[in-house]
Amino acid sequence: MKAITTVLLLTISNTFMTFAWYGHLKFKEMPWGKNLGLLSIILISWGLAFFEYLFQVPANRIGFRENGGPFSLVELKTIQEAITLIIFMLFSIVVFKQRFEWNHLVGFCLIVLAVFFIFKKW
């Protein structure tokens, strides 16, 4: 159950992170965002990043093996990076209408392979 909770919290966290880091690039297309200055955009992004941390910190605490969770520190980071790339790719396709190219698929397959090696017990 801690593994599922950890992955769920990391997914929510990374969704907020992606919107904080890249969502502001769409502000100019919204009526309220056309004339925002850089400081306003930074403050909005920080506000979104706050919610990222509300989920990221508990996910790491729950999931960390030394706190009774199922994952080592390296495994936690690997899970987080894999989730980040999945969320980012979905975000770029849905929000920015980016095309999913063959090299993206190859890159994701290599990431899955990296996850396999990180979790493989030799």
Side-chain angles (χ1 to χ4, degrees):
M1 190 61 175
K2 286 185 177 186
I4 293 169
T5 302
T6 299
V7 170
L8 180 63
L9 290 172
L10 287 173
T11 301
I12 295 167
S13 168
N14 277 283
T15 300
F16 279 108
M17 179 190 75
T18 301
F19 275 94
W21 285 14
Y22 302 102
H24 63 85
L25 298 173
K26 285 287 195 174
F27 285 1
K28 65 181 178 247
E29 296 176 14
M30 300 172 197
W32 57 266
K34 289 183 181 188
N35 296 318
L36 286 177
L38 183 58
L39 183 58
S40 297
I41 292 169
I42 290 169
L43 292 174
I44 291 168
S45 293
W46 272 356
L48 289 169
F50 171 75
F51 291 101
E52 172 201 350
Y53 279 86
L54 287 179
F55 293 98
Q56 180 80 21
V57 171
N60 287 331
R61 292 185 67 83
I62 292 166
F64 188 44
R65 186 170 293 139
E66 291 182 23
N67 288 343
F71 303 116
S72 71
L73 189 61
V74 172
E75 290 169 340
L76 273 172
K77 184 60 178 172
T78 302
I79 293 166
Q80 186 268 328
E81 291 299 332
I83 290 170
T84 295
L85 290 171
I86 291 167
I87 296 292
F88 176 77
M89 186 51 75
L90 291 172
F91 178 84
S92 68
I93 290 169
V94 172
V95 176
F96 281 86
K97 310 295 187 228
Q98 300 288 304
R99 290 184 41 186
F100 191 73
E101 303 286 344
W102 70 269
N103 56 321
H104 302 149
L105 180 61
V106 171
F108 278 118
C109 288
L110 292 173
I111 291 166
V112 169
L113 189 60
V115 171
F116 168 79
F117 280 108
I118 292 292
F119 280 87
K120 178 75 175 149
K121 305 299 182 216
W122 299 97

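Note that the numbering runs from 1 along the sequence shown for the chain. Everything quoted here is computed from the prediction, not taken from an experiment.
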For residues 50-59, please give each side-chain donor-acceptor pair under 3.5 Å, one per line with the distance, not counting sequence neighbours.
residue	atom	partner	partner atom	Å
Gln56	OE1	Ser13	OG	2.8

Quiz: residues 102-109 side-chain donor-acceptor pairs under 3.5 angstrom, not counting sequence neighbours:
residue	atom	partner	partner atom	Å
His104	ND1	Glu101	N	2.9

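In the hydrophobic clustering of ILVMFWY residues, with side-chain heavy atoms under 4.5 Å counting as a link, Phe16 and Trp46 come out apart. In this structure, Met17 is not a member of the same hydrophobic cluster as Leu43, with clusters built from ILVMFWY side-chain heavy atoms closer than 4.5 Å. By the criterion of side-chain heavy atoms lying less than 4.5 angstrom apart, applied directly or through intervening Ile, Leu, Val, Met, Phe, Trp or Tyr residues, Leu9 is not grouped with Phe64; the two fall into different hydrophobic clusters. Placement of Ile62 and Phe71 in two distinct hydrophobic clusters is found when ILVMFWY residues are connected by side-chain heavy-atom separations under 4.5 Å, directly or transitively. Trp21 and Ile12 fall within a single hydrophobic cluster, where Ile, Leu, Val, Met, Phe, Trp and Tyr side chains are chained together by heavy-atom contacts under 4.5 Å.
No more than 12 heavy atoms of other residues, nucleotides or ligands lie within 6.0 Å of CZ in Arg61, so this atom counts as exposed by the packing criterion. Other residues, nucleotides and ligands place no more than 12 heavy atoms under 6.0 Å from the CE atom of Met1. For Ile4, the CD1 atom is loosely surrounded, since the number of other residues' heavy atoms within 6.0 Å does not exceed 12. Sparse packing is recorded around CZ of Phe19, with 12 or fewer heavy atoms of other residues, nucleotides or ligands lying under 6.0 Å away.
When the side chain to side chain contact (heavy atoms under 4.5 Å, CB included) test is applied to Val94, no partner is found at least two apart in sequence or on another chain. By the side-chain hydrogen bond (donor to acceptor under 3.5 Å, both in side chains) test, Glu66 is found to be paired with no residue, residues two or more places apart in sequence or in another chain being considered. Checked against side chain to side chain contact (heavy atoms under 4.5 Å, CB included), Thr18 has the following partners two or more places apart in sequence or in another chain: Tyr22, Ile87, Phe88, Phe91. By the salt bridge (charged side-chain N to carboxylate O under 4.0 Å, His left out) test, Lys26 is found to be paired with Glu29, residues two or more places apart in sequence or in another chain being considered.
Remark: Leu25 CG to Ser92 OG distance equals 12.0 Å, nearest 0.5 Å. In this structure, Ile118 CD1 and Ile111 CD1 are separated by 12.5 Å, a value rounded to the nearest 0.5 Å. The distance from the CG atom of Leu48 to the NE2 atom of His24 is 10.0 Å, given to the nearest 0.5 Å. The distance from atom OG1 of Thr78 to atom CZ of Phe116, rounded to the nearest 0.5 Å, is 13.5 Å. Between Ser40 atom OG and Trp32 atom CH2 the span is 10.0 Å, to the nearest 0.5 Å. Leu73 CG to Arg65 CZ: the interatomic distance, rounded to the nearest 0.5 Å, is 10.5 Å.
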Show, in sequence, the C-alpha distance, side-chain angles and deciding distance for Leu10 and Asn60, and conclude whether the side-chain contact (heavy atoms from CB on, under 4.5 Å) test is met. CA-CA 8 Å; Leu10 287 173; Asn60 287 331; 4.2 Å; yes
Intermediate values then yes/no, side-chain contact (heavy atoms from CB on, under 4.5 Å), Ile79 and Thr6: CA-CA 9 Å; Ile79 293 166; Thr6 299; 5.6 Å; no
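Nearest heavy-atom pair across Thr11 and Thr15 is O-OG1, 2.8 Å. Minimum heavy-atom separation, Ala20 to Ala49: CB-N, 3.9 Å.
The closest donor-acceptor contact from the side chain of Lys2 to the backbone of Pro70 lies at 3.5 Å or more, if one exists at all.
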